There are 2 protein chains.
Amino acid sequence: MKRDLDISVVIIEDDETIREGYAFLIGNTSGYKIAGTYPSVEETLKKIEGDDPDVILLDVELPGISGVESLPKLKKLLPETHILILTVYEQEALIFKALGNGAAGYLTKNTPPERIIAAIHEVMDGGGPMSANIARMVISSFKRNESSPLTRRETEILEQIATGKSRKRIADELFIDLETVKSHIKNIYHKLDVHSKADAIKTAKDNKFI
Amino acid sequence: MKRDLDISVVIIEDDETIREGYAFLIGNTSGYKIAGTYPSVEETLKKIEGDDPDVILLDVELPGISGVESLPKLKKLLPETHILILTVYEQEALIFKALGNGAAGYLTKNTPPERIIAAIHEVMDGGGPMSANIARMVISSFKRNESSPLTRRETEILEQIATGKSRKRIADELFIDLETVKSHIKNIYHKLDVHSKADAIKTAKDNKFI
DNA sequence: TCCGGTATCACCTATTTAGCGGTATTTTAA
DNA sequence: TTAAAATACCGCTAAATAGGTGATACCGGA
């Protein structure tokens, strides 16, 4: 048995039953081995360097330091390790924070065992495994609102404003007069019923107009 | 055979061999039926309303109107239909534009047939099927740079600036003095080697500091 | 315990920008 | 062919920006 070529996995999960369940599942799958299991981030940080895992399965709701908060620390300690979130939580804010903090994938706990194994393999292969509803949320975060009141040009100009450019600079880059830009902005403000660029940007982003 | 309960699929793809291949594959899978196949968007728009498909498989590189550009029109015509991109292209810009325009999933053409069938089912179930490398790109688009030169406070302030808020307003909302905000901004500009907020925002976004 | 980085606040100047009120022409797409 | 969209101009005031120079308090790691 070539244990050196096995994918080594660490599990960080406070519920012992679940933790041992995953460990049993993964440890008994050919090609995978368990390098360590921990009930908390604090425990993990003390010993994980010796484990040198390829993949970490991380719960987000842990006692003490939460899983999401620990992500930067884990990534710093083990830059090459892929971290998979495995949790019951499906709140958008939590998901995007986890992905922003360096999670390589996000699975919910109703994921069938074979899918978890597949996800570990997938993440080693450069993929980004996600549960179906997580993927849906991630995709719809990109989706623009089809029924924007703004015209194409207005949208374009508001996008430019949102990058912090001045009206003069926008005018120059779009090869139109400063006065034209001002006209568009007046119309944008009127349509969105706002009176400042900050409010215009906020309204437009909230409604996915930009 | 209860054809009414089958998932009806339309394929838009200019290569006849590929198009007929997918049609054969899907048409011969129990639970799925082909409502129509088209070589171009122009052809599709004329007749697709009669097809009333549940799912459209859409190629992005089509002669005439491109697949990505046609997304808003298709969505307007068939608001309930899920559109899956099926293409060889893996350019980030194209992917994010497709997702922004309302695509419900993104598959590359090396996807095995059974995965395509699964993806159609998944999208009907509210999921967001993506090929592994697409998912990786999508996930890493959320990822922040761990080695930002900016401090926590500086990052926070630059994020606020990127929302279009004035320094005064940022100061008020963070309960600090306007002068403090100005100091932070000076430091930010120096660290990023820029001389305007537009450039600071651009540099920070390019490097995923914010 | 000391020190460097961080966060905080101050005062100065000059210039640019933002926002609001109108009006009006040309171009484009349904 | 006509309404919507994009373009442009004028005048006005208040606000915001960018740069310089300096100072004080705090806090975490060596």
Side-chain angles (χ1 to χ4, degrees), chain A residues 45 65 69 72-73 76-77 146-204 209-210, chain B residues 41-42 45-46 64-65 69-70 72-73 76-77 147-204 209-210:
Chain A
L45 293 174
I65 306 175
E69 285 163 24
K73 284 176 188 139
K76 197 173 179 184
L77 226 53
E146 308 128 50
S147 54
S148 169
L150 304 181
T151 68
R152 186 170 299 188
R153 197 56 150 177
E154 285 163 358
T155 304
E156 187 180 13
I157 285 176
L158 190 48
E159 275 168 353
Q160 295 297 307
I161 290 176
T163 69
K165 288 176 188 160
S166 72
R167 299 165 175 206
K168 175 86 187 68
R169 185 164 164 188
I170 294 168
D172 289 345
E173 292 182 4
L174 295 183
F175 304 108
I176 55 179
D177 197 276
L178 170 59
E179 291 299 329
T180 307
V181 174
K182 288 169 76 176
S183 280
H184 284 304
I185 291 173
K186 266 186 283 193
N187 293 331
I188 292 167
Y189 284 13
H190 185 251
K191 285 181 180 177
L192 302 186
D193 189 28
V194 296
H195 307 277
S196 71
K197 64 175 167 176
D199 291 341
I201 292 168
K202 182 175 186 342
T203 300
F209 298 153
I210 61 168
Chain B
V41 175
E42 288 83 347
L45 293 174
K46 286 181 200 160
I65 305 176
E69 284 163 25
S70 72
K73 284 175 187 140
K76 196 173 180 184
L77 226 53
S147 55
S148 168
L150 304 180
T151 68
R152 185 169 300 188
R153 197 57 151 177
E154 286 163 357
T155 304
E156 187 179 11
I157 286 176
L158 191 48
E159 275 168 353
Q160 295 296 308
I161 290 176
T163 69
K165 287 176 188 159
S166 72
R167 301 164 174 206
K168 175 85 189 68
R169 185 164 164 188
I170 294 169
D172 289 345
E173 293 182 4
L174 295 183
F175 305 107
I176 55 178
D177 197 276
L178 170 60
E179 289 301 327
T180 307
V181 174
K182 288 170 71 176
S183 279
H184 284 303
I185 292 173
K186 266 182 284 196
N187 293 332
I188 292 167
Y189 285 12
H190 185 251
K191 284 181 179 178
L192 302 186
D193 190 28
V194 296
H195 306 278
S196 70
K197 64 174 167 177
D199 291 340
I201 292 169
K202 182 173 186 342
T203 300
F209 297 154
I210 61 168

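Labels below follow one simple rule: chain letters A, B, ... track the order of the sequence lines, proteins then strands, and each chain is numbered from 1. On a predicted model such as this, the values are computed, not experimentally measured, just so you know.
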Next on the checklist: Let me confirm one number: the NZ-OG distance from B:Lys202 to B:Ser196, rounded to the nearest 0.5 Å.
Outcome noted: 11.5 Å
Next on the checklist: For a quick test of reading the model: is some side-chain N or O of B:Tyr189 closer than 4.0 Å to OP1 or OP2 of D:dA18?
Outcome noted: yes
Item to check | Considering all heavy atoms, the nearest B:Phe209-B:Thr155 contact | outcome: O-CG2, 3.6 Å
Item to check | Heavy-atom closest contact (A:Ala162 atom, A:Ile201 atom, distance) | outcome: CA-CD1, 3.7 Å
Next on the checklist: Within this structure, what is the NZ-OG distance for the pair B:Lys197 and A:Ser166, rounded to the nearest 0.5 Å?
Outcome noted: 9.0 Å
Item to check | Side-chain heavy-atom pair A:Leu174, A:Val181 within 4.5 angstrom cut-off | outcome: no
Checklist entry - Within a strict 4.5 Å, meaning less than it, do heavy atoms of the A:Leu150 and A:Ile157 side chains meet? => result no
Checklist entry - So which of residues 150-164 of chain A are in contact with DNA chain C, with a heavy-atom cut-off of under 4.0 Å? => result none
Next on the checklist: Please list, in numerical order, the residues of residues 175-188 of chain A that have a heavy atom closer than 4.0 Å to any atom of DNA chain D.
Outcome noted: A:Ile176, A:Asp177, A:Glu179, A:Thr180, A:Lys182, A:Ser183, A:His184
Are any protein N/O atoms closer than 3.5 Å to N/O atoms in nucleotides 24-30 of chain D? If there are, list each pair with its distance.
none

Item to check | A:Thr203 vs A:Asp193 side-chain heavy atoms within contact, under 4.5 Å | outcome: no
Checklist entry - Does A:Ser148 reach the side chain of A:Ile210, with side-chain heavy atoms less than 4.5 Å apart? => result no
Checklist entry - What distance do A:Asp172 atom CG and A:Arg167 atom CZ have between them, rounded to the nearest 0.5 Å? => result 14.5 Å
Checklist entry - Looking only at side chains, do A:Asp177 and A:Thr180 share a donor and an acceptor under 3.5 Å apart? => result no
Item to check | Contact residues, residues 190-199 of chain A to DNA chain C [heavy atom, < 4.0 Å] | outcome: A:His195, A:Ser196, A:Lys197
Checklist entry - Between B:Arg169 and A:Asp199, is there a side-chain N and carboxylate O pair less than 4.0 Å apart? => result yes
Next on the checklist: Are A:Ile65 and A:Lys73 packed together at the side-chain level, in the sense that at least one heavy-atom pair is separated by less than 4.5 angstrom?
Outcome noted: yes
Next on the checklist: Could you report the tightest heavy-atom contact between B:Val41 and B:Ser70, atom names first, then the distance?
Outcome noted: CG1-CB, 3.4 Å
Item to check | Interatomic distance where CD1 belongs to B:Ile170 and C1' belongs to D:dA15 [whole Å] | outcome: 14 Å
Checklist outcome for this item: Rounding to 0.5 Å, atoms CG (A:Leu158) and CD (A:Glu156) come to a distance of 11.0 Å
Next on the checklist: Of all nucleotides in DNA chain C that come within under 4.0 Å of a heavy atom of chain B, which is furthest toward the 5' end and which toward the 3' end?
Outcome noted: C:dT6 to C:dC12
Checklist entry - Going by the side-chain hydrogen bond (donor to acceptor under 3.5 Å, both in side chains) test, which pairs reach into residues 181-192 of chain A, not counting sequence neighbours? => result A:Glu154-A:Lys191
